[in-house]
Amino acid sequence: MAASGRLCDICETRNITVFATDWCPECEQSLCELCKSYHSASKLSKTHETIPFESFDKLPGAVKEIKNDCSDHEARFEYYCSQHEVPCCVECMKTTHAECRHLTPLHKVIEHYKTSNALSDFEQTLTDFLNNINSLIHGRFDNKSLLADEKEICLKEIADTKRNVIAHLDQLEIKLKAEVEMLHEEHLHAIEETIQEFELLKTDVAKMQEEAHIIKQYASDFQLFIAVRDLEHTVKHLERDMHLLIKKDSAKQISISCSPTVVQSIETVLPSLGNVNVITKESDIKLVNQREKQAQLSAIATPCIDKIQLKALLQNIKLPSGNKTELVIYDNCFLSNGRLAFTDKLNKRLIVLKDNGEHEKDIPLSFMPNAIAVVSETQAAVSDCSGNAITVIGIESARVGYSFQMDGTIFALSFRKGQFFILVDGIGFCITDVEGNVINKIPYSQTDILFAMLIDDRIYFSHWKRDRVVCCDLKGKDIHEFKDKK
């Protein structure tokens, strides 16, 4: 067999130049065909498994650098320390690993390792890891396609919105033009009627002027005196009619003008055609982990929920009294720094205790609270005992941040990984985002539930009437339960 260009280590010590064909990992030596045959026949090395150099060259460089001897003491590795996860020689056992209690003979550790479950699990882990990455990459490509489609939808909606706005402006233009025409015709007609009235008055005055000239020329003095006196009375009536006519709107200076407000209105009321929102949510890709799945199956076969051990964290806590003599505490939760918050129904408040159980403060509410859940280090969500609202409140400021409504009375509430988990009367379990938008609904008929939480793909909740904690799946099917009278 042709060699890889490396010389035989054994022959080289004898000043013989022969290319090596194989490598012995145990001896850490290269061998030619002849030395390999001696190596296989020797009592000390006949159990060693050699590999062809063409296979050895395929090993990663880091693996080729792994040595069988301790670099500190130049002695053979004999044991494996599980505590430090390193091989060690006899000298290492006396020095570095003198206090270690988990030393195993190396030959037992590596014996049958190629066919061991540990190696199979590692290979399965790599396979799952690769499949998960491929799924994630595929999901990103799907997301790119989705973004392209949604971009086209957004552009079309923007164009449609623009057309609708233009159509609406066209209607406003027609309406405003019609109003201008109507006002013009209305006031033009009124002015024309006033002109006619002035013309009639003008005719009467001109006629009187002509009559007065004739009377002055031909009538006697007595006739002139009496006639002028009568004409003066008539002139007074005509002057009165003229002044009344002047006071009419149609005798005043009339003008029409247009004051466009659409620019200001559009800038104020319609600053844009819409909002482009980016919505980020957890990927629905399920990562594969065969080892974890096997562990889950084993856990379901022997439910660990039966092994729950109750332990008192704080005892003999005294809650402060309020306006009402009776305290009705529905729920509580841990805040930041180990503090506790309780919902006090009758006194419409949150009771906040320090981490040692001492009273810190009360947060007054405008409603009777029941369930509470921590949203962040500074905020908690509280549900209304007699309604269907959830209100997010600042713990330090005691101010309402925002609230949202559910389609029914709320019995239980929790918050985890950016999602609310809510038990709603008549619906079942609802999963919403932080703003209360429903993501999923899980029907469940039981209503005597005080506490509920979603962890991964399992729902855990308490039945207070039946003294039990229940685990069910995302279809509302019970898996197992834990019972205790406490």
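Computed over heavy atoms, backbone and side chain alike; hydrogens, waters and symmetry mates excluded. Source: prediction; values computed, not measured. Index from 1, following the sequence.
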Contacts table for residues 395-407: side-chain donor-acceptor under 3.5 angstrom, sequence neighbours left out:
{"from": "Glu396", "atom 1": "OE2", "to": "Arg339", "atom 2": "NH1", "distance (Å)": "3.4"}
{"from": "Glu396", "atom 1": "OE2", "to": "Arg339", "atom 2": "NH2", "distance (Å)": "2.9"}
{"from": "Ser397", "atom 1": "OG", "to": "Arg399", "atom 2": "N", "distance (Å)": "3.4"}
{"from": "Tyr402", "atom 1": "OH", "to": "Val434", "atom 2": "O", "distance (Å)": "2.7"}

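Here the CG-CZ distance, from Leu454 to Arg416, works out to 7.5 Å after rounding to the nearest 0.5 Å. In this structure, CD1 in Ile372 is found 12.5 Å from OG in Ser414, a value given to the nearest 0.5 Å. The SG atom of Cys88 lies 10.5 Å from the NE2 atom of His73; values are rounded to the nearest 0.5 Å. In this structure, CG on Asp344 lies 12.5 Å from CD1 on Ile363, to the nearest 0.5 angstrom. If you take CD on Glu78 and SG on Cys70, they are separated by 11.0 Å, rounding to the nearest 0.5 Å. We find the SG-NE2 distance between Cys89 and His97 to be 8.5 Å, quoted to the nearest 0.5 Å.
Side-chain contact between Leu136 and Asn134 is absent, with no heavy atoms from C-beta onward closer than 4.5 Å. Within the 4.5 Å cutoff, the side chain of Ile410 has no heavy atoms near those of the Leu423 side chain. In this structure, Ile351 and Arg349 have side chains that are in contact, with non-hydrogen atoms separated by less than 4.5 Å. Side-chain atoms of Phe482 and Val470, non-hydrogen and from C-beta on, never get closer than 4.5 Å to each other. Contact check for Lys417 versus Gln419: no side-chain heavy atoms found under the 4.5 Å cut-off. With a 4.5 Å cut-off on side-chain heavy atoms, His359 and Asp362 count as touching. The shortest distance between side-chain heavy atoms of Lys441 and Ile427 falls below 4.5 Å. Side-chain contact between Asn68 and Glu28 is present, with at least one heavy-atom pair separated by less than 4.5 Å.
Look at Glu360 and Lys354 and you find no salt bridge, because none of the NZ, NE, NH1 or NH2 atoms lies under 4.0 Å from a carboxylate O. The pair Lys156-Asp160 meets the salt-bridge criterion, with a side-chain N (NZ, NE, NH1 or NH2) lying under 4.0 Å from an Asp/Glu carboxylate O. Looking at Asp69 and Arg76, a side-chain N of the basic residue comes within less than 4.0 Å of a carboxylate O on the acidic one, giving a salt bridge.
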Q: Evaluate side-chain contact (heavy atoms from CB on, under 4.5 Å) for Arg101 paired with Glu99, printing each intermediate quantity in order.
A: CA-CA 6 Å; Arg101 294 294 179 266; Glu99 302 297 327; 4.2 Å; yes

**Q.** Trace of the side-chain contact (heavy atoms from CB on, under 4.5 Å) decision for Leu353 with Glu358
**A.** CA-CA 5 Å; Leu353 304 183; Glu358 294 181 359; over 6 Å; no

Q: Take Ile393 and Leu365, measure what side-chain contact (heavy atoms from CB on, under 4.5 Å) needs, and give me the verdict at the end.
A: CA-CA 9 Å; Ile393 300 171; Leu365 304 172; 3.2 Å; yes

Q) After noting the C-alpha distance and the side-chain angles of Asp467 and Lys483, does the key distance pass the salt bridge (charged side-chain N to carboxylate O under 4.0 Å, His left out) rule? A) CA-CA 6 Å; Asp467 300 315; Lys483 281 193 171 185; over 6 Å; no

Q. Between Asp9 and Ser30, is a side chain to side chain donor-acceptor pair (under 3.5 Å) present by the stated rule, with each step listed?
A. CA-CA 5 Å; Asp9 290 333; Ser30 56; 3.1 Å; yes

**Q.** Derivation and outcome, side chain to side chain donor-acceptor pair (under 3.5 Å), residues Asn437 and Asp433
**A.** CA-CA 5 Å; Asn437 301 308; Asp433 61 17; 3.0 Å; yes

Q) Checking side chain to side chain donor-acceptor pair (under 3.5 Å) for the pair Thr343/Asp331: CA distance, chi angles, key distance, verdict? A) CA-CA 6 Å; Thr343 58; Asp331 198 0; 5.8 Å; no

**Q.** Evaluation steps, side-chain contact (heavy atoms from CB on, under 4.5 Å), between Thr127 and Gln124
**A.** CA-CA 5 Å; Thr127 300; Gln124 184 62 53; 4.3 Å; yes

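Taking all atoms of both residues into account, the shortest heavy-atom contact from His48 to Leu44 is NE2-O, 3.5 Å. Between Gly338 and Phe334, the shortest heavy-atom contact is O-CD2, 4.0 Å. Shown here for Glu49 and Pro25, the closest heavy-atom pair between the two residues is O-CD, 3.3 Å. For Phe53 against Ala20, the heavy-atom pair with the smallest separation is CE1-CB, 3.6 Å. Residues Leu413 and Ile422 share a closest heavy-atom pair of CD1-CG1, 3.7 Å. Across Cys24 and Thr50, no two heavy atoms sit closer than the pair CB-CG2, 4.0 Å.
Between the Ser55 side chain and the Ile51 main chain, no donor and acceptor come within less than 3.5 Å of each other. Side chain of Asn132 to backbone of Ser135: no donor-acceptor contact under 3.5 angstrom is found. A distance-only check finds no donor-acceptor pair linking the side chain of Asp384 to the backbone of Asn388 [under 3.5 Å]. Put simply, the side chain of Ser45 never gets that close to the backbone of Ala41: no donor and acceptor are under 3.5 Å apart. Side-chain atoms of Ser383 come within 3.5 Å of backbone N or O of Ala371 as a donor-acceptor pair. With hydrogens and angles disregarded, no donor-acceptor distance shorter than 3.5 Å links the side chain of Ser42 to the backbone of His39. Side chain of Asp478 to main chain of His480: no donor-acceptor pair is present (N/O by atom type, distance under 3.5 Å, no hydrogens or angles). In terms of modelled atom types and a separation under 3.5 Å, the side chain of Thr125 and the main chain of Asp121 share a donor-acceptor contact.
Counted within 6.0 Å of OH on Tyr80, heavy atoms from surrounding residues, nucleotides or ligands total more than 12; the atom is thus considered enclosed. Other residues, nucleotides and ligands contribute at most 12 non-hydrogen atoms within 6.0 Å of the NZ atom of Lys151. Atom NZ of Lys465 has 12 or fewer neighbouring heavy atoms from other residues, nucleotides or ligands inside a 6.0 Å radius. Within 6.0 Å of NZ on Lys67 lie more than 12 heavy atoms contributed by other residues, nucleotides or ligands.
Ring-centre distance between Phe421 and Phe415: not below the 6.0 Å cut-off. Outside the 6.0 Å centre-distance limit, the rings of Phe342 and Tyr330 are not counted as a close aromatic pair. Ring to ring, Phe451 and Tyr460 are not that close: their centroids are 6.0 angstrom or more apart.
Annotation: cation-pi geometry satisfied between Lys64 and Phe56 (NZ/CZ under 6.0 angstrom from ring centroid, within 45° of ring axis).
Using cut-offs of 30° and 60° on the angle between ring planes, the pair Phe461 and Tyr444 is perpendicular.
Residues passing the side-chain contact (heavy atoms from CB on, under 4.5 Å) test with Ser37 are Leu34, sequence neighbours excluded.
Across Ile431, Val424, Thr432, a single residue satisfies side-chain contact (heavy atoms from CB on, under 4.5 Å) together with Val438, and that is Thr432.
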